Student: 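The structure is given below, and queries will be raised subsequently.
We count residues from 1, following the sequence as given. It should be emphasised that the depicted structure is a prediction, and the values quoted were computed from it without experimental measurement.
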Amino acid sequence: MTYVSTAEISAQMFVTVLLCLLVIAPLFSLAIMRFFQGKKKAGFILLGSGVAAYVVFQIIMSLFFNK
């Protein structure tokens, strides 16, 4: 069994990841729910918003937390 060391994770990185997950995950789940409801336009908008939030998250992580 191996353990993951979290000693190198800064508080700023933790908060950034937490806030982005609180935005990205609900957008994707709401998109799936809208698709099941038959509201395709709203589903695609939410899905696109989730992808855009993920891209912004990747840019933030590469700019501020790149070693």
Student: Any chance you could pull the hydrophobic cluster mates of L46, using side-chain heavy atoms under 4.5 angstrom and chaining through other members?
Tutor: V23, L27, L30, M33

Student: Any side-chain hydrogen bond (donor to acceptor under 3.5 Å, both in side chains) pairs touching residues 47-63, not counting sequence neighbours?
Tutor: Y54-Q58

Student: What pairs with F35 under ring-ring contact (aromatic ring centres under 6.0 Å, His included), at least two apart in sequence or on another chain?
Tutor: F44

Student: Looking only at heavy atoms, which two atoms of A31 and G43 are closest? And how far apart?
Tutor: CB-O, 3.5 Å

Student: List the atom pairs, with distances to 0.1 Å, where a side-chain N or O of residues 10-21 and a protein N or O form a donor-acceptor pair under 3.5 Å, not counting sequence neighbours.
Tutor:
residue: S10; atom: OG; partner: M13; partner atom: N; Å: 3.2
residue: T16; atom: OG1; partner: Q12; partner atom: O; Å: 2.8

Student: Spell out, yes or no, whether F36 and L47 are grouped together once hydrophobic residues are joined by side-chain heavy atoms under 4.5 Å, including indirect joins.
Tutor: no

Student: Going hydrophobic residue to hydrophobic residue with side-chain gaps under 4.5 angstrom, can you get from I45 over to V55?
Tutor: no

Student: Could you pull out all residues at least two apart from A42 that satisfy side chain to side chain contact (heavy atoms under 4.5 Å, CB included)?
Tutor: R34, K39

